[in-house]
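One structure below.
No experiment lies behind these values; they were computed from the predicted model shown.
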Amino acid sequence: MFSRIIVATDLSPASFAVVTCVGGLRAFGARECLLLQCINVHEAASSAFSYTTRFLEENMAEQRRLLEEQGFAVKAHVAFGPPKTEMNRIAREEKYSLVVVGSRGHSLVGEALLSGVTNEIIHSATVPVLMLRLTEEKNGKVRCCQADRCDFAEHVLYPTDFSENADHAFQHVKKIVADGAKRVTLLHVQDKTRIDPHLRHRLDEFNEIDRGRLERLKAQLGKTHDARIDTEVVFGHPIQEILRVIRERDVRLVLMGSQGRGFVEEICLGSVSHNVARHSDAAVMLIPAERC
């Protein structure tokens, strides 16, 4: 499914933490990896850039070694230009199926490439983007995931609002199950802000309809594979409920469409998927909408 992936890197400790966690993607068929450093043209033209070249080469060589130890065939490349532009261009032209970046705590990582640029990457992505959760230990060391939480195949959460883009993301869930995911939870949140107070009397009706929808999705996943498939319909605020399920069910990977109902509204206010990505304790894979 994700046989060829791009790993975004820079000179920061955060990017080393990301590199050490990529091996969990081999369960989903990842075999080839492009270690990609994007450098702004203005930075490359500065006099200071020549002094960082040696460190860049050394770090790229070390990160390449770490990826090869995890079983990947690795290429390393430095591209000159905005990361959001170059990552999309290279992914499209060279047919990479996934971009991997890092995220930390309750905001996107505040270091070099893995800062506001990560936000730009996920908003402009034309291929799926996987954001790996980074944490900082008391000694200041940055690490990826907790314990064995980079074993993404252990438990995948698929939240859906039954929108067109959620249906598109579900095609990736099917492929992940085919590749050997061990457990998948299909989740729908009845949005309290849409239902209360005027439609609260119809909540049981809505629940019955949406449980039926989830059961039909479950049937599609269970036809030929042995993964444990659970379904759950809950009532509340979507972001809060998704984050609760992530914590309480020991979810390792969240897979979501990056646009749901109300695309224009999401651009202005911030989508459910992007807010989950910012706050999730688990890795989050965002599947971009199909573009015309």
Determine whether V19 and L35 make a side-chain contact, defined as any pair of heavy atoms from C-beta on separated by less than 4.5 Å.
yes

If I take atom CG from residue L34 and atom CD1 from residue I5, how far apart are they, to the nearest 0.5 angstrom?
9.5 Å

Taking atom types as modelled, is there a side-chain donor on N207 or Q190 under 3.5 Å from an acceptor on the other?
yes

Dump the intermediate steps for side-chain contact (heavy atoms from CB on, under 4.5 Å) on L217 and L221, then the final yes or no.
CA-CA 7 Å; L217 294 179; L221 297 178; 5.8 Å; no

Pick one: which of R228, R252, K182, R249 meets salt bridge (Lys or Arg N to Asp or Glu O under 4.0 Å) with E154?
K182

Which heavy atom of S271 sits nearest a heavy atom of H274, and at what distance?
OG-N, 3.1 Å

Could you tell me whether a side-chain N or O of Q70 sits under 3.5 Å from a main-chain N or O of L66, the two making a donor and an acceptor?
yes

Answer whether the closest heavy-atom distance between the side chains of M285 and V129 falls below 4.5 Å.
no

With heavy-atom distances below 4.5 Å as the criterion, would you say the side chains of L56 and E58 are in contact?
no

Checking salt bridge (charged side-chain N to carboxylate O under 4.0 Å, His left out) for the pair R183/D230: CA distance, chi angles, key distance, verdict?
CA-CA 8 Å; R183 180 183 177 189; D230 298 316; 3.2 Å; yes

Donor-acceptor pair, side chain of Y96 and main chain of F2, under 3.5 angstrom
no

Are any of the side-chain heavy atoms of I176 and F152 separated by less than 4.5 Å?
no

Quick one: do V127 and I6 end up in the same hydrophobic cluster if we chain Ile, Leu, Val, Met, Phe, Trp and Tyr together by side-chain heavy atoms under 4.5 Å apart?
yes

Between the main-chain N or O of S124 and the side-chain N or O of N88, is there a donor-acceptor pair closer than 3.5 Å?
yes

Minimal non-hydrogen separation, R244 against E232, with atom names
NH2-OE2, 4.3 Å

If you round to the nearest 0.5 Å, how far is CG of D281 from CG of D250?
10.5 Å

Going by heavy atoms in the side chains, are V254 and P159 under 4.5 Å from each other?
yes

Is there a side-chain contact (heavy atoms from CB on, under 4.5 Å) between M256 and I287 once you walk through the steps?
CA-CA 6 Å; M256 303 180 69; I287 310 299; over 6 Å; no

Is the NZ or CZ atom of R31 positioned over F72's six-membered ring, under 6.0 angstrom from the centre and within 45° of the axis?
no

When you compare the side chain of I122 with that of M131, does any pair of heavy atoms fall below 4.5 Å?
yes

C38 and G81: which non-hydrogen atoms are nearest, and at how many Å?
CB-O, 4.0 Å

Nearest-0.5 Å distance that lies between atom CZ in F206 and atom CZ in R194
11.5 Å

Measuring from L255:CG to F170:CZ, what's the distance to the nearest 0.5 Å?
10.5 Å

Show the nearest heavy-atom pair for residues G257 and S273, with the distance to one decimal.
O-CB, 3.3 Å

Any residue meeting ring-ring contact (aromatic ring centres under 6.0 Å, His included) with H155, in chain and number order, not counting sequence neighbours
none

Is it possible for you to say whether I195 and V233 belong to one hydrophobic cluster, with membership spreading through side-chain heavy-atom contacts below 4.5 Å?
no

Show the nearest heavy-atom pair for residues I239 and N275, with the distance to one decimal.
CD1-CB, 3.5 Å

Passes salt bridge (charged side-chain N to carboxylate O under 4.0 Å, His left out), R65 versus E68? Steps please.
CA-CA 5 Å; R65 182 188 66 79; E68 289 174 341; over 6 Å; no

Decide yes or no on salt bridge (charged side-chain N to carboxylate O under 4.0 Å, His left out) for E208 and R211, but give the supporting numbers first.
CA-CA 5 Å; E208 182 177 357; R211 287 192 187 101; over 6 Å; no

State the CG-NZ distance between L67 and K75, to the nearest 0.5 angstrom.
14.5 Å

I242 side chain near V272 side chain, heavy-atom distance below 4.5 Å:
yes

Hydrogens and angles aside, do T231 and E215 bring a side-chain donor and acceptor to less than 3.5 Å of each other?
yes

Angle between ring planes, F162 versus H188, binned at 30° and 60°: parallel, tilted or perpendicular?
tilted

Side chains of T9 and Q63: donor-acceptor distance under 3.5 Å anywhere?
yes

Counting only heavy atoms not in E62, do more than 12 fall under 6.0 Å of its CD?
yes

Tell me whether R202 is salt-bridged to E205, with the criterion being a basic N under 4.0 Å from an acidic carboxylate O.
yes

Could you please spell out the steps behind the side-chain contact (heavy atoms from CB on, under 4.5 Å) verdict for V7 and L36?
CA-CA 6 Å; V7 177; L36 181 59; over 6 Å; no

Measure the NZ-CG distance between K192 and L203 for me, rounded to the nearest 0.5 Å.
11.0 Å

In the single-linkage hydrophobic clustering (I, L, V, M, F, W, Y; side-chain heavy atoms under 4.5 Å), do F235 and L187 co-cluster?
no

Taking every heavy atom of S97 against every heavy atom of P128, the minimum-distance pair comes out as O-CD, 3.3 Å

Side chains of L25 and L130: closer than 4.5 Å at any heavy-atom pair?
yes

Determine yes or no for a side-chain-to-main-chain donor-acceptor pair under 3.5 angstrom, with S280 supplying the side chain and A277 the backbone.
no

Under a 3.5 Å threshold, yes or no: a donor from one side chain and an acceptor from the other, between N165 and S163?
no

Could you walk me through whether M60 and V78 pass side-chain contact (heavy atoms from CB on, under 4.5 Å), step by step?
CA-CA 9 Å; M60 291 280 277; V78 176; 4.1 Å; yes

Reference residue V276; test side chain to side chain contact (heavy atoms under 4.5 Å, CB included); the match among L286, L157, I246:
I246

